Amino acid sequence: MSTPVDDPLTRERSHLSASRSALRAMREGVEALDISDVTANWVNAEALAHQIEERIKALADLSGTPLFFGRLDYLHAPGAEEAEGAEGERFYIGRRHVHDHDGDPMVIDWRAPVSQPFYRASKKDPMDIALRRRFGYTGGDLTAYEDEHLSDPAAVTLSGSAGEARTSKLLQQEIERPRVGPMRDIVATIQPEQDEIVRSGLSGTVCVQGGPGTGKTAVGLHRVAYLLYAHRERLARTGTLVIGPNRSFLHYIEQVLPALGELAVQQATVDDLVAHVEIKGTDDATAAVVKGDARLAQVLRRALYAHVTMPTEPVVVVRGSRRWRVPAYELEDLVRELLDRDIRYGAAREALPQRIAHAVLVQMERSGEAPDDRVQDAVARNSAVKAAVKAVWPAVDPAKLVLRLLTDAEFLAVHADGILDGDEQKAILWAKPARSVKSAKWSPADAVLIDEATDLIQRTHSLGHVVLDEAQDLSPMQYRAVGRRCTTGSATVLGDLAQGTTPWATRSWQEALAHLGKQDALVEELTAGFRVPTDVITYASRLLPHIAPGLTPVVSIRENPGHFEVRPVSGGKDVVEACRESLRHEGSTGLIAADARVPELARALTEAGIPYLGPGEETTQETRLTLVPASLAKGLEYDYVVLDEPQAVVDGEPDERTGLRRLYVALTRAVSGLTVTHTAPLPPQLA
């Protein structure tokens, strides 16, 4: 059957083709720019060339990514008075702005104010929208559309594919589309409650509590993209950062922002932020909990400022034939004044010689001299002044300070008195003292302590906005480390209290936000599940009363209930067979197991001739199976999951509650189907 020329799908395909041509022309226009005579020097030339290079990258037309995914037909021109006969406008909504050679928009950036009704409008509140059209794609080819007539209560929503009217649920199809490769953006499927978070202002911090599959990570990344659009100049100066739990997770999400045209956002783990020393050791759970406690900040402050001693001798400055004497009591007043101001240790130490020099200048002026600033600077550099400052307010190396606290029981006892009890002090003391900072076997928790000490001495640089994902697993001291990176900026905090799997996991967001220094943050909760099928999330939610009492269970909005099976097996070969069955479906498969069982399962897969990847490695059509230790499963997702031995996952943790939380994470990684295999009895909490 031939397709009519005036068929809506044909017209939309024509607009897509024209938009791609316009984007190509925009890119070619930037590529053709000649900057040889524009800049005054090579530094400016390099900076401008870099900006042009970034702009060219941002204008790339990704063949498999739809250029636009929606259309809005306004009843009236946006911003115009609603008058009878006023002509509305039509806007195509996409990942970036595209205009023709006259500058008229062909695709509107999804972040623009005029695009907001695409996510927020409803029949109850149409927001002056007559029609909202969603588009369906196969690869980069437009294949279907779906219309919603929002301003006409009597109108019926119709859909089309290849020119034929039919029932279509493009939104549901996009949500349920198989996942192969890294995480993708959700720009075409953002829901109203998600959009409210995405478009919240730069000045405020937002904390998002979201269960598995509620899209909290995607919401956080899209908020970064929105803020860069709305406040680009400011954030270009102050910087943005996305913090994830581990490298595998960061690799999984790293393509989301570039797909939205944002190429300059940095990504890091908390360990990256505090990498002042080489990590060579680990802590047991007891030591890690104590070191991660916010009380250690008090201990560090005490230990640092204990280096300040009151002067007992005067300072005598010789200039020419004159001798100027600043008595000890006056020096003491200067030191106490700086201590009372509560400024950074290093800043106060830098200020002290200038204060002493000023005291000398006062004496000079009283004697009839007229010294200027150059004289004050010279006095501040005088050897006698330097010697006095060194004795009264010595320089302190933060790593050496922490090393002494962890290796000198007497030093720790003095400065932890009334803060840590005897058992807590013993827990963090090293059994074998290190000879130097370089040879010390520092743990990740030790590095956080060094970061705290470093900030007490010199202020940490603050960024404009920080996104902190999987935040529930941070210790109070780690929260403080992140908070230092956004003291003058804002943050988006993402997490799920039910998925906390560290011994110091967050008990409440209010407590966590206080450690972050963002007590006034707005806490939002996402409970609609878009990723995990109904049967899977219902099964996993049996654990909630045991791991997070009072937390609202996720309710899956997916129409496809998904495949779910609990299968008793006799050994590794049966687990491998379950993986084979999952691989017969389209999409990715994750085999998740207790860390201790991973080597055994790896051998079984190899013997069976099934190729597999490790967490963070990008799946392909040829290799779609990933073998995932349960400890690294958080934040990852697979179309199909085979979960091996739930009880072993629980037993792999130091206590049952942490083990059940780890199991909850593992159970909720599936997008389309979950097969639970076990030889041992299941945990009773799943009964």
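Predicted model, so just to flag it, every value in this text is computed and none were measured.
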Legend entry - N-O pairing of E369 and R322 below 4.0 Å: yes
Legend entry - Cationic N near anionic O, under 4.0 Å, E350 to R344: no
Legend entry - Aromatic centroids of Y226 and H222 separated by under 6.0 Å: no
Inset, instruction - State whether E337 and R341 are salt-bridged, where the test is any N-O pair (Lys NZ or Arg NE/NH1/NH2 against Asp/Glu carboxylate O) under 4.0 Å. - result: no
Inset, instruction - Give a yes or no on whether the backbone of A391 and the side-chain of T309 come within a donor-acceptor separation of less than 3.5 Å. - result: yes
Inset, instruction - Would you give the length of the straight line joining atom CG of D377 to atom CD of Q354, rounded to the nearest 0.5 angstrom? - result: 5.0 Å
Legend entry - Salt-bridge contact D195-R223 (side-chain N to carboxylate O under 4.0 Å): no
Legend entry - R232/E262 salt bridge by N-O under 4.0 Å criterion: yes
Inset, instruction - Check whether the ring centres of H276 and W442 lie less than 6.0 Å apart, and answer yes or no. - result: no
Inset, instruction - Kindly give the heavy-atom pair with the smallest separation between V318 and N382, and that separation in Å. - result: O-ND2, 4.0 Å
Legend entry - Side-chain ion pair, K216 and D496, N-O less than 4.0 Å: no
Inset, instruction - Answer yes or no: is there an ion pair linking R301 with E452, defined by an N-O contact shorter than 4.0 Å? - result: no
Legend entry - Polar side chain donor-acceptor pair, Q267 to E254, under 3.5 angstrom: no
Legend entry - Option from E470, M477, Q478, Q472 for which side chain to side chain contact (heavy atoms under 4.5 Å, CB included) with L474 holds: Q478
Inset, instruction - May I ask you to check if R111 and Y229 form a cation-pi contact, with NZ or CZ under 6.0 angstrom from the six-membered ring centre and within 45° of the axis? - result: no
Legend entry - Sole residue of V523, T506, D520, L522 in side chain to side chain contact (heavy atoms under 4.5 Å, CB included) with L513: V523
Legend entry - Pair K634 + D469, salt bridge at N-O below 4.0 Å: no
Legend entry - Ion pair check, R95 and D185, cut-off under 4.0 Å: yes
Legend entry - Cationic N near anionic O, under 4.0 Å, R484 to D451: yes
